[in-house]
Engineer: 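What follows is a structure written as structure tokens; I'll ask about it next.
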Amino acid sequence: MNINTDIGSTYLFTNKKLTLVAVMGVLLGMSIYIFMNSMLVGFDRTSAESIFKSTAHIRVYKDDELSKPLYQSKGGKSIIINPKVVPASNTIINPNEVVALIKKDPNVTIVTPQVSATIFYNVGKTQIAGMAIGVIPSEADMMFNIKSTIVEGDFDKMQNNTNAIAVGSGVAEKLSLKINDNINITSSKGVNRNLKVAAIFKTNNSAIDKTKSYINLSAAQQLLQENNTYITDINVNIKDPELASKVAPVLTTLTGYKSEGWKEANESLMAAFRMRKIVITFVSYTILIVAGFGIYNILNMTVSQKINDIAILKAMGFKGNDVIRIFLTQALSIGVMGVIGGMIMAVVLVTLLKKVYIGGDIGFFPIDYELTKFIQGAIVGMVITFFAGYLPARKAAQVDPVSIFRK
Amino acid sequence: MNILETKNINKYFHDPVEFQVLKNISFTVGKGEFLSMIGKSGSGKSTLLYILSTMDTEYQGQLTIDGQNVTGQSNDQLAAMRNQKIGFVFQFHYLLPEFSCMKNVMIPALKLGKHSMQEIEAKAYDKLKLLGLEDQALKPASKLSGGQQQRVAIARALINDPLMIMCDEPTGNLDSKNTAIVFDIFKELTSQQGQTIIAVTHDEEFAKNSDRIIEMKDGEVV
Ligand SMILES: Nc1ncnc2c1ncn2[C@@H]1O[C@H](COP(=O)(O)OP(=O)(O)OP(=O)(O)O)[C@@H](O)[C@H]1O
Ligand SMILES: [Mg+2]
């Protein structure tokens, strides 16, 4: 062993109490850092999962167009400047071709068309406003995992049955519907239809459960008095949802229709997530930095205690860098012990919290052993330890032996 | 042959008042010489010794050691030279208390890194034996008496077979028997090994028996 590390580790072991206090500081900071960040990953994951139960990664649709000002000549004065929504149909023209085009993108996993129709559920004389989503049931289930939200009935019965409907639990309650009951709905075009309840679903959002229902694509087209090429949205799922914001513009140029990623579609929710992330990151770093101050203080104390030793060592020919190495050995050993202890502690905390049942559609507390956070924590912890040790070590290296010997 | 040479060394302290501690110090020390430095308390002996040992670099004038001009060299260069060529025994400050006597003696050799661990251990044991401390070798340094600590410090100063050994009152804590032992060791080192000794002392007997005496008075050599 090098003489510098030898001296450093001797200081470490002869001052067991101070070492232990410093190690405990790093251990606590470290475990809480890893724990909080693993929790953040868990939160983000469950939030995304619940968003993806009603939102596709990317939605392709025809945006409303505004009329352009009429110009006298190119670049000249405008004659008419009163932009209004052009009264064009919001259908996607030639949807099969567009779907085929989107499927060619290597990122894409599922593509399914959809028609949304605003409707009324009729109960005697009263009407409840709502929204019927026309889908291809098997594809829609793959995308939104609808079956996992079904509380009664069988979503598979929707397949190829244009008379079937799956209603939200709120709708079912208000209309006192049971499986196989009939329900009458009216579309905005005044079309009336009788449908049979095949399934009842319940999401974590009661506003959705009180208004939404799934019907077959062709049933929705009939309600809107449109032919079978009428499609309002094409829902697209991709391999990595995080890439949605990047893939969406590609689809826009590819298809010529507006494509919107799920993050853009849920902007205010995303803003809340970002805030959550900022708060957790800030708090976890603060705790680590406080642990760093612990090491800094304890090393400063050691340097003051050992100032006589430092003077003797320098007189005997130890260079400034040797002295830095002696104290860095001490700091980094504390860091390594703290980091390892902190990881063990974090595993314990995560294991305990994983077993806590929250309920709702969350179930158990959404936290897991996030390897990247463990590694990240170890690196950040060691970097902080390094600087917390380097500053007192540099101070020690600058000690003037003569001024100590004169005392 | 001269091992050490000073030319017109002056040193001032500025705090609390401007004060010249050393005035035009010029002398030479030959290889194998046993030199004693005496003088009243406060005459500047320790201050001069710190300069000669290259630890204090704030002075005017020129210092040459082993034919090399050391004035103006970097701290790292000076440290490397001290490790190899100079051994120290300080006034009041001796050992690293948390290490064994053996380890204390070994540290300068481990730093030098020229010999294997076994060689260094054997050598350290020899030096401790020379000073009659072989049975204390594994005790922590803090558990020794003042005189024993001083002798361990002398053993440590010898470990790298330095060209020069500088001591600030090396026998200050020793009884007459041990003073005689240390004196004999120094005498032998200078006459047989050709090592040079510069020792600050208040012991007139010790000084009288050395090869040469330099007396200091108010910062001047008289
Ligand atoms: N850091 C300092 N600042 C100002 N004056 C100092 C400082 N160190 C020493 N002195 C003064 O310099 C003078 C010489 O001190 P030095 O320690 O060299 O004396 P000495 O000859 O070794 O004395 P002693 O025999 O008591 O050890 C003394 O007058 C002392 O007061
Ligand atoms: Mg003195």
Side-chain angles (χ1 to χ4, degrees), chain A residues 1-20 22 298-299 301-330 333-334 393-407, chain B residues 11 13 15 21 46-59 74-100 103-113 117 120 140-142 149 153 156-157 159-160 162 166 168:
Chain A
M1 191 166 33
N2 179 291
I3 182 65
N4 296 332
T5 41
D6 190 355
I7 296 174
S9 45
T10 304
Y11 287 165
L12 201 62
F13 291 114
T14 48
N15 251 323
K16 286 203 190 68
K17 246 189 212 153
L18 281 188
T19 305
L20 198 70
I298 281 166
L299 247 82
M301 257 164 85
T302 315
V303 168
S304 321
Q305 276 177 7
K306 303 291 178 218
I307 202 123
N308 202 26
D309 289 14
I310 296 167
I312 292 171
L313 289 171
K314 287 191 90 173
M316 292 189 309
F318 281 65
K319 295 176 182 147
N321 276 338
D322 294 319
V323 176
I324 288 182
R325 248 170 245 145
I326 288 173
F327 289 98
L328 265 190
T329 302
Q330 217 177 332
S333 310
I334 290 171
R394 206 185 48 182
K395 199 183 89 179
Q398 285 161 356
V399 164
D400 171 21
V402 175
S403 68
I404 305 302
F405 292 141
R406 281 226 180 85
K407 277 178 192 150
Chain B
K11 179 170 174 75
F13 283 124
D15 204 36
V21 235
S46 295
T47 308
L48 178 59
L49 202 70
Y50 292 137
I51 290 173
L52 299 183
S53 71
T54 73
M55 274 187 290
D56 189 352
T57 52
E58 279 162 30
Y59 60 90
S74 77
N75 281 337
D76 281 358
Q77 283 173 313
L78 294 176
M81 197 200 64
R82 279 201 296 276
N83 185 226
Q84 199 179 356
K85 297 187 178 171
I86 306 177
F88 289 99
V89 185
F90 308 103
Q91 194 177 15
F92 312 128
H93 300 267
Y94 312 118
L95 307 173
L96 308 194
E98 278 150 352
F99 295 80
S100 69
K103 195 65 176 255
N104 264 286
V105 176
M106 286 163 67
I107 285 174
L110 292 171
K111 174 67 209 141
L112 188 65
M117 193 68 173
I120 292 172
S142 55
Q149 287 193 33
R156 184 180 59 195
I159 187 89
N160 280 344
M166 299 193 183
D168 205 343

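Here is how names work: the chains are called A, B, and so on, in the same order as the sequence lines, proteins then strands, and each is numbered from 1. Just the heavy atoms: all of them, side chains too, but no hydrogens, waters or symmetry mates, feed the values below.
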Engineer: Are any of the side-chain nitrogens in A/Asp322 or A/Lys314 under 4.0 Å away from the carboxylate oxygens of its partner?
Structural biologist: no
Engineer: Indicate the atoms forming the closest heavy-atom contact of A/Phe318 with B/Ala79, along with that distance.
Structural biologist: O-CB, 4.1 Å
Engineer: For B/Thr54, which atoms come within 4.5 Å of any heavy atom of chain A: side chain, backbone, both, or neither?
Structural biologist: neither
Engineer: Check whether any side-chain heavy atom of A/Phe405 sits under 4.5 Å from a side-chain heavy atom of A/Ile312, and report yes or no.
Structural biologist: yes
Engineer: Count the heavy-atom pairs under 4.5 Å between each of A/Asn4, A/Ile7, A/Asp400 and chain B, then report the option with the highest count.
Structural biologist: A/Ile7
Engineer: Under 4.5 Å from any heavy atom of chain A, what part of B/Asn75 do you find: side chain, backbone, both or neither?
Structural biologist: neither
Engineer: Would you say that more than 12 heavy atoms from the other residues, nucleotides or ligands in this model lie under 6.0 Å from the CD of B/Glu58, or not?
Structural biologist: no
Engineer: Checking heavy atoms, do the side chain of A/Leu313, its backbone, both or neither come under 4.5 Å from chain B?
Structural biologist: side chain
